[in-house]
Each structure stands twice: as structure tokens, then as C-alpha cells.
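Please read the structure below before turning to the comments.
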Amino acid sequence: RVQLVESGGGSVQTGGSLRLSCAASGYNYNRFCIGWFRQALGEEREAVAAIHTDGGGEYYDDSVKGRFTISTDNAKNTVYLQMNSLRAEDTGMYYCAAEGLCGLGRWKRPSEYGSWGQGIQVTVSS
């Protein structure tokens with residue numbers, strides 16, 4: 001069974017930065033797409049970014065392009081989401097997900113992923 005553990009969330013002021021980590025265990029880390037999603041209170045879960053851990057590419061939602069960077073450390077089985085120039089609208093619970101497929105837009109669909117972390121809160125305030 002795949003286990004995902006997020007860390008690095010918290011509260012920050014507008015314009016600040018945070019780095020989220022997603023540590024994975026229990027499967028062949030180098031074979032899958034790992035995505036980050038967020039969910040604001042009362043809103044649907046939305047895709048933020050994804051990366052294929054075999055070096056197959058990075059994907060970003062338009063709302064975070066140029067501000068967020070996703071990366072992977074395959075030696076540590078960990079995916080990172082560096083978030084810069086944070087805005088109030090970036091506030092929400094952030095989840096990482098694994099066992100998905102990245103290509104053809106599939107990275108954006110929650111249903112494509114087989115495993116999810118417990119989520120971590122990110123709050124951006126002015």
C-alpha cells in the first residue's frame with residue numbers, strides 16, 4: 001500500500017513562500033505521476049502541479065505558473081512544491097496524490113490517482 005505524508009504547511013503573509021514536502025513509501029517511486037491538489041473551504045479539490053518521477057515532465061495549473069515549482073528527490077522518495085509569491089487565493093488544504101498518470105491532462109483529475117496523503121493546511125493572509 002502506498003503511503004504519502006505531507007509536511008511544510010503553515011501560515012504566511014501575502015508575497016511569502018512555503019515549501020511543501022510529500023514523502024512516499026510502499027511502492028516503486030520511480031514509476032508514477034505524483035500530483036499536488038488543493039481544496040479551499042467549500043470548494044472542489046483542484047490540481048495545482050504534478051511531476052512524473054522518472055523525469056517525464058512537470059505540469060502546472062495556470063494559476064500557479066511562474067510562482068510554484070514542483071521537484072522530486074528520487075533518493076528520498078520525496079516530491080516538493082516550492083510556493084513563492086503566495087496570494088490569499090492560494091489558501092487551502094494541500095494534498096499530494098500518487099499512482100496516477102500525468103499525460104494528456106490526466107494529472108488534473110483526482111480520479112486518476114490511487115493514493116492520497118492526509119492533507120496539510122496552507123493559509124495566506126494579508
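Small disclaimer: the values here were computed from a predicted structure and weren't measured.
Screening residues 64-102 for disulfide (SG to SG under 2.5 Å), with sequence neighbours left out, gives C22-C96, C33-C102. For the side chain to side chain donor-acceptor pair (under 3.5 Å) condition, the pairs that include at least one residue of residues 13-25, sequence neighbours left out, are S17-N84. Applying the salt bridge (Lys or Arg N to Asp or Glu O under 4.0 Å) definition to pairs two or more places apart or across chains, those involving residues 111-126 are R109-E112.
S63 is linked by a side chain to side chain contact (heavy atoms under 4.5 Å, CB included) to R38, D61, counting only residues two or more places apart in sequence or in another chain. For T69, there are no side-chain hydrogen bond (donor to acceptor under 3.5 Å, both in side chains) partners two or more places apart in sequence or in a different chain. In this structure T123 satisfies the side-chain hydrogen bond (donor to acceptor under 3.5 Å, both in side chains) test together with Q121, sequence neighbours excluded. Contacts of L86 classified as side chain to side chain contact (heavy atoms under 4.5 Å, CB included), with partners at least two apart in sequence or in another chain: V12, L18, F68, M83, D90, V124.
When atom types are taken as modelled, the side chain of T53 and the backbone of F32 share a donor-acceptor pair closer than 3.5 angstrom. At distances below 3.5 Å, not a single donor-acceptor pair connects side-chain atoms of Q39 with backbone N or O atoms of G92. At least one donor-acceptor pair closer than 3.5 Å links the side chain of E6 to the backbone N or O of G119.
Side-chain contact of Q82 with Y80: a donor-acceptor pair under 3.5 Å is absent, judged by distance alone.
Two different hydrophobic clusters hold L101 and I70 under the rule that ILVMFWY side chains link at heavy-atom gaps under 4.5 Å.
In this structure, E89 places its CD atom where more than 12 heavy-atom neighbours from other residues, nucleotides or ligands lie under 6.0 Å away.
One distance of note links OG1 of T78 with CG of L20; it measures 12.5 Å at 0.5 Å rounding. Note that CG of L81 and CD1 of I34 are 12.5 Å apart. Values are rounded to the nearest 0.5 Å.
Grouped by direct or indirect side-chain proximity (heavy atoms under 4.5 Å, Ile/Leu/Val/Met/Phe/Trp/Tyr only), W116 sits with F37, Y59, M93, Y95, W107, Y113.
Shown here for L4 and A24, the closest heavy-atom pair between the two residues is CD2-CB, 3.6 Å.
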